[in-house]
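Note on naming: letters A, B, ... go to the chains in the order of the sequence lines (proteins, then strands), and numbering restarts at 1 for each one.
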Protein chains: 2
Amino acid sequence: MIGKLNHVAIVVPDLDKAVATYRDALGAKVSDATDLPEHGVRVVFVELPNTKVELLLPIGENSPVAKFLEKNADGGMHHICYEVDDILAARDKLVASGARVLGNGEPKIGAHGKPVLFLHPKDFCGTLVEIEQV
Amino acid sequence: MIGKLNHVAIVVPDLDKAVATYRDALGAKVSDATDLPEHGVRVVFVELPNTKVELLLPIGENSPVAKFLEKNADGGMHHICYEVDDILAARDKLVASGARVLGNGEPKIGAHGKPVLFLHPKDFCGTLVEIEQV
């Protein structure tokens with residue numbers, strides 16, 4: 001069912017420093033920063049040859065990643081995103097397997113403009129999983 | 001400098017359950033389990049079209065991932081591995097940038113039989129980073 005690993009999201013306390021780490025120390029190609037106020041994040045994409053790392057800084061009030069940063073002051077890996085062809089079919093299969101979908105169970109439009117759902121970490125090896133229809 | 005994302009490693013408390021999650025619920029292709037006693041882990045590879053997820057169960061005494069599981073009882077993302085062409089050149093560039101290499105700074109042979117180094121999470125957005133020469 002799942003296809004490619006679309007991205008790994010890393011929440012960071014200082015986006016300029018994170019960009020310097022990935023661009024200058026690790027020598028990766030990084031995008032400009034983009035504000036996504038409807039998602040409560042400023043994001044920089046680290047473009048690797050086979051996938052992406054997304055560096056996320058909480059912005060605004062009620063950012064969904066602000067609490068993560070309170071618990072992890074240095075930042076850290078926040079979620080992993082897998083691609084699916086059909087998000088409703090994927091959701092139904094996951095729910096039938098006993099997995100919990102976060103929110104109201106209906107896909108929302110994610111940071112890439114495509115339908116996404118988040119799955120409960122307790123059902124996925126302690127890891128917050130996003131599925132994105134591509 | 002860094003190339004592909006080689007893998008994301010997820011430490012799990014129950015490897016059979018993790019395999020069922022990835023194979024049955026998420027519908028991914030998973031390998032048989034392999035014991036790597038010299039690395040203190042039993043590993044299952046989740047083979048995605050563009051990269052891998054490694055499910056790691058601590059085995060033996062002094063497993064390097066046992067403490068992670070004590071702190072994260074449900075498991076969680078443990079490290080991210082990026083490929084490099086020349087691990088000594090990569091190390092020297094990273095050290096020159098102020099980053100800390102774990103251990104004695106000399107590459108060891110990793111779980112894939114290739115030279116690896118681990119980098120200090122505090123210097124990489126709170127994320128343990130492995131670099132692997134491919």
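Pairing each heavy atom of Ala18(A) with each of Cys125(B), the nearest pair is CB-SG, 3.7 Å. Closest heavy-atom contact between His78(B) and Met77(A): C-CE, 3.9 Å. Shown here for Asp123(A) and Thr21(B), the closest heavy-atom pair between the two residues is O-CG2, 3.6 Å.
Per-residue heavy-atom pair counts under 4.5 Å with chain A were compared for Ala96(B), Ser97(B), Gly76(B), and the maximum is reached by Gly76(B). Each of Gly27(B), Ala73(B), Ala99(B) has some count of heavy-atom pairs under 4.5 Å with chain A, and the biggest count is that of Gly27(B). Interface check for chain A: of the options Val53(B), Leu119(B), Val129(B), Val84(B), the most heavy-atom pairs under 4.5 Å are formed by Val53(B). Per-residue counts of heavy-atom pairs under 4.5 Å with chain A were compared for Lys17(B), Glu83(B), Lys122(B); the largest is that of Lys122(B). Most heavy-atom pairs under 4.5 Å with chain A, from the set Val12(B), Asp74(B), Leu26(B): that is Leu26(B). Of the listed residues (Gly3(B), Ala20(B), Ala25(B)), the greatest number of heavy-atom pairs within a distance under 4.5 Å of chain A belongs to Ala25(B).
The cluster map of Ile, Leu, Val, Met, Phe, Trp and Tyr, joined by side-chain heavy atoms under 4.5 Å apart, puts Leu55(A) and Val65(A) in different clusters. A continuous path of ILVMFWY side-chain contacts below 4.5 Å connects Ile80(B) to Leu117(B), so both sit in one hydrophobic cluster. There is a path of hydrophobic side-chain contacts, each under 4.5 Å, that joins Leu94(B) to Ile10(A). Each of Val116(B) and Val8(B) belongs to its own hydrophobic cluster when Ile, Leu, Val, Met, Phe, Trp and Tyr are linked at side-chain heavy-atom distances under 4.5 angstrom. The hydrophobic cluster containing Val41(A) does not contain Val44(A), counting ILVMFWY residues as joined when their side-chain heavy atoms lie under 4.5 angstrom apart, directly or transitively.
Residue-environment remark: CD (Glu38(B)) exceeds the threshold of 12 foreign heavy atoms within 6.0 Å. Within 6.0 Å of the CG atom in Asn104(B), the count of heavy atoms belonging to other residues, nucleotides or ligands exceeds 12. For Asp86(B), the CG atom counts as densely surrounded, since its 6.0 Å shell holds more than 12 non-hydrogen atoms of other residues, nucleotides or ligands.
Looking at heavy atoms from C-beta onward, Ile2(B) lies in side-chain contact with Leu48(A) at the 4.5 angstrom threshold. Counting heavy atoms from C-beta outward, Tyr82(A) and Val46(B) have side chains that stay 4.5 Å or more apart.
Formation of a donor-acceptor pair under 3.5 Å by the Asn50(B) side chain with backbone atoms of Lys4(A) is not found in this model.
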